[in-house]
**Q** 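Take a look at the following structure, please.
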Amino acid sequence: LEEMIRKLNINEMLTGLAPQGKNAKDMAGHAFWKTQPVPSFDEMAGGEKIADGPIKEIDIEKVDKNPSPMYPGFEWVTMDLEDEKQLEEVYELLTNHYVEDKDATFRFRYSPSFLNWALKAPGWKKEWHVGVRATASGKLVAFISGIPIQLRIRENTLNCSEVNFLCVHKKLRSKRLAPVLIKEITRRCYVEGIFQAVYTVGNLLPTPFSTCRYFHRAIDWEKLYDVGFSPLPAGSTKQRQVVRYKLPDTTSTPGLREMQAQDVDATLDLLKRYLERMDMAQVFSKTEFEHWMSPKEKPEEQVVWSYVIEDPDAPDKITDFFSFYNLESTVIGHKKHSTVKAAYLFYYATEVAFEKDDAKLKQRLNMLVKDALILSKKAGFDVFNALTLLDNPLFLDDQKFGAGDGSLHYYMYNYRAALIPGGIDAANRA
Ligand code: MYA
């Protein structure tokens, strides 16, 4: 992996873009995005030299008080996600129409408890859960959402919204409804005095300031093979693959246990210090940390798993922390398996990161992530996913993660941000 990353031109690696004006006409082809306060491809070819800052001033007095007109036959609706029925409607829409892989084999299946977690984060606003209904049937046919977050990009901390779950019913695609939804969530953010947003998209749009690659680690290789997720490598056998991904029954890090309420202060302190090493990170309040790392659902609806390492020599001292969350995917049209259960590596932190000893950090992370894999297996996951962010490149190869074919591009709305190196570079940043 290190080899592969070094060979790539840094700009191309980060954004998938070829600089020197080659993308200029692509920008002109974006009828909607070329009208929006986002940097052009050409501007971003400036790479890491760009000065961070807002693109335009917004005069809150001039922001429309009402939504723009909706297409005839459809109407705006503010979804009330405290109402289980409406939460279920969003779940249904996403389950049938949200993101698929490029071969349409898998589609994300965010559970209602996941949506509760992701859309009702501390400070959430009902007005930022925007739907479109067909007037005659009342059916929910489109959705977009935002939640308020504090985001630090290098030395600047912004109050912004994180926009997610943009979805248009398959029958209404390519009718320019997405730009209407994006303009409406923008208006609703402006109304609240929020003038910047962050969002991630698999597709390339104008213009990412960072890009990560997805990596996958098989837990139940045979199932992943059955559903067409994992190929059988040439020269290998099924049996050999199963052996390759076998994991021990028990974890090995001394002092590892589930995170509990009394660990929150120490763990948040550790995570904050760890994230300071990064160019960009969400700034968590205690309430947010509690929400994201320890939601309180029934066990069968569990979304996030969080663990800490309590120093065996100094009880109450938390030296490490890791978490992962549950996001299933529907296996489209498969006879035997209806879903793949994926664990996504979420936040983690370790005191070892402050010792500035890469070899030691690599060793520690490998131990922690191996335990995370073991715990995810116990919890019934089929695959464990991670992106090339934080210090992840230090363990991906050793823990038998393989590169997926998906990338995740990071975007800001109404903010210009110099490119943020991902992968190996980020790991060496501290
Ligand atoms: S990413 C997940 C997006 N959802 C899916 O992929 C689910 C499956 N697909 C669909 O539901 C539809 O295909 C969607 C597009 C709804 C994606 N982000 O209506 P159209 C541009 C931004 O004819 P449709 C997530 O949720 C496209 O380039 N723009 O297309 C984060 C073209 O513009 P241009 C997108 O296929 C969302 C125009 O829309 C995306 O029927 C962040 C075509 O419109 C996309 N994912 O519908 C949103 N896909 O001509 C931005 C297409 O210029 C938030 N387009 O190229 C910005 C911040 C707003 C708040 C600001 C506050 C200050």
Side-chain angles (χ1 to χ4, degrees), residues 23 25-41 54-60 63-64 67-68 70-71 74 90 92-102 104 106-110 115 118-119 125 127-132 140-149 151 158-209 211 327 329-330 332 406-417:
N23 298 290
K25 70 173 187 301
D26 302 348
M27 187 69 191
H30 287 285
F32 168 63
W33 281 109
K34 75 176 181 201
T35 68
Q36 299 299 299
V38 294
S40 68
F41 292 122
I55 294 176
K56 69 172 185 189
E57 282 295 313
I58 306 299
D59 181 351
I60 200 163
V63 176
D64 279 343
S68 61
M70 186 26 81
Y71 291 130
F74 299 94
V90 175
E92 284 289 326
L93 175 72
L94 298 179
T95 296
N96 294 308
H97 305 278
Y98 200 50
V99 179
E100 298 177 4
D101 67 317
K102 67 174 175 14
F106 308 100
R107 190 187 307 120
F108 282 141
R109 191 183 188 94
Y110 288 89
L115 296 174
L119 292 172
K125 298 170 203 305
E127 289 68 30
W128 291 3
H129 298 157
V130 187
V132 174
L140 184 69
V141 295
F143 185 72
I144 191 165
S145 69
I147 52 167
I149 65 161
L151 183 73
L158 312 170
N159 283 319
C160 62
S161 63
E162 184 183 335
V163 175
N164 204 350
F165 301 109
L166 165 62
C167 185
V168 167
H169 191 290
K170 289 188 172 192
K171 292 216 167 112
L172 295 174
R173 295 277 168 88
S174 305
K175 298 183 192 305
R176 314 298 298 182
L177 190 51
V180 182
L181 286 158
I182 294 168
K183 282 189 258 180
E184 180 56 11
I185 192 80
T186 303
R187 189 190 68 79
R188 291 182 187 215
C189 290
Y190 285 176
V191 165
E192 300 282 341
I194 297 298
F195 306 130
Q196 272 76 37
V198 62
Y199 50 103
T200 57
V201 184
N203 297 338
L204 182 62
L205 302 164
T207 301
F209 64 93
T211 293
L327 168 52
S329 280
T330 303
I332 301 170
S407 289
L408 192 65
H409 299 291
Y410 287 71
Y411 301 91
M412 290 293 296
Y413 187 94
N414 195 19
Y415 199 81
R416 207 176 270 112

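Indexing begins at 1, ligand by ligand and atom by atom, following the structure's order.
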**Q** For atom 54 (C) of ligand 1, which protein heavy atom lies nearest, and how many Å away is it?
**A** Val163 CG1, 3.8 Å
**Q** Does ligand 1 have any atom sitting under 4.0 Å from a heavy atom of Asn414?
**A** no
**Q** For atom NZ of Lys170, is the number of surrounding heavy atoms from other residues, nucleotides or ligands below 6.0 Å larger than 12?
**A** yes
**Q** Looking only at protein heavy atoms, which one is nearest to atom 56 (O) of ligand 1, and what is the separation?
**A** His30 ND1, 2.5 Å
**Q** Non-hydrogen atoms of Tyr190 versus ligand 1: any pair closer than 4.0 Å?
**A** yes
**Q** For ligand 1, indicate whether the residue Gln196 contacts it via side chain, backbone, both or neither (heavy-atom separation under 4.0 Å).
**A** backbone
**Q** Please state whether the rings of Tyr98 and Phe108 are parallel, tilted or perpendicular, taking 30° and 60° as the class boundaries.
**A** tilted
**Q** With the threshold set at 4.0 Å, does a side-chain nitrogen-carboxylate oxygen contact exist between Glu184 and Arg188?
**A** yes
**Q** Looking only at protein heavy atoms, which one is nearest to atom 12 (C) of ligand 1, and what is the separation?
**A** Arg173 NE, 3.3 Å
**Q** So which heavy atom in the protein is nearest atom 2 (C) of ligand 1, and how far is it from that ligand atom?
**A** Tyr98 OH, 3.5 Å
**Q** I need the nearest protein heavy-atom contact for atom 1 (S) of ligand 1: residue, atom name and distance, please.
**A** Thr200 O, 3.6 Å
**Q** With nothing but distance in play, are any N or O atoms of Pro179 less than 3.5 Å from an N or O of ligand 1?
**A** no
**Q** Heavy-atom contacts under 4.0 Å between Ala178 and ligand 1: side chain, backbone, both, or neither?
**A** both
**Q** Assess the pair Tyr415 and Phe209: is the distance between their ring centroids shorter than 6.0 Å?
**A** no
**Q** Does at least one non-hydrogen atom of Leu177 fall below 4.0 angstrom from an atom of ligand 1?
**A** yes
**Q** Specify the protein heavy atom at minimum distance from atom 59 (C) of ligand 1: its residue, its atom name, and the distance to 0.1 Å.
**A** Thr186 OG1, 3.4 Å
**Q** For atom 50 (O) of ligand 1, what's the nearest protein heavy atom and its distance?
**A** Arg176 NH2, 2.8 Å
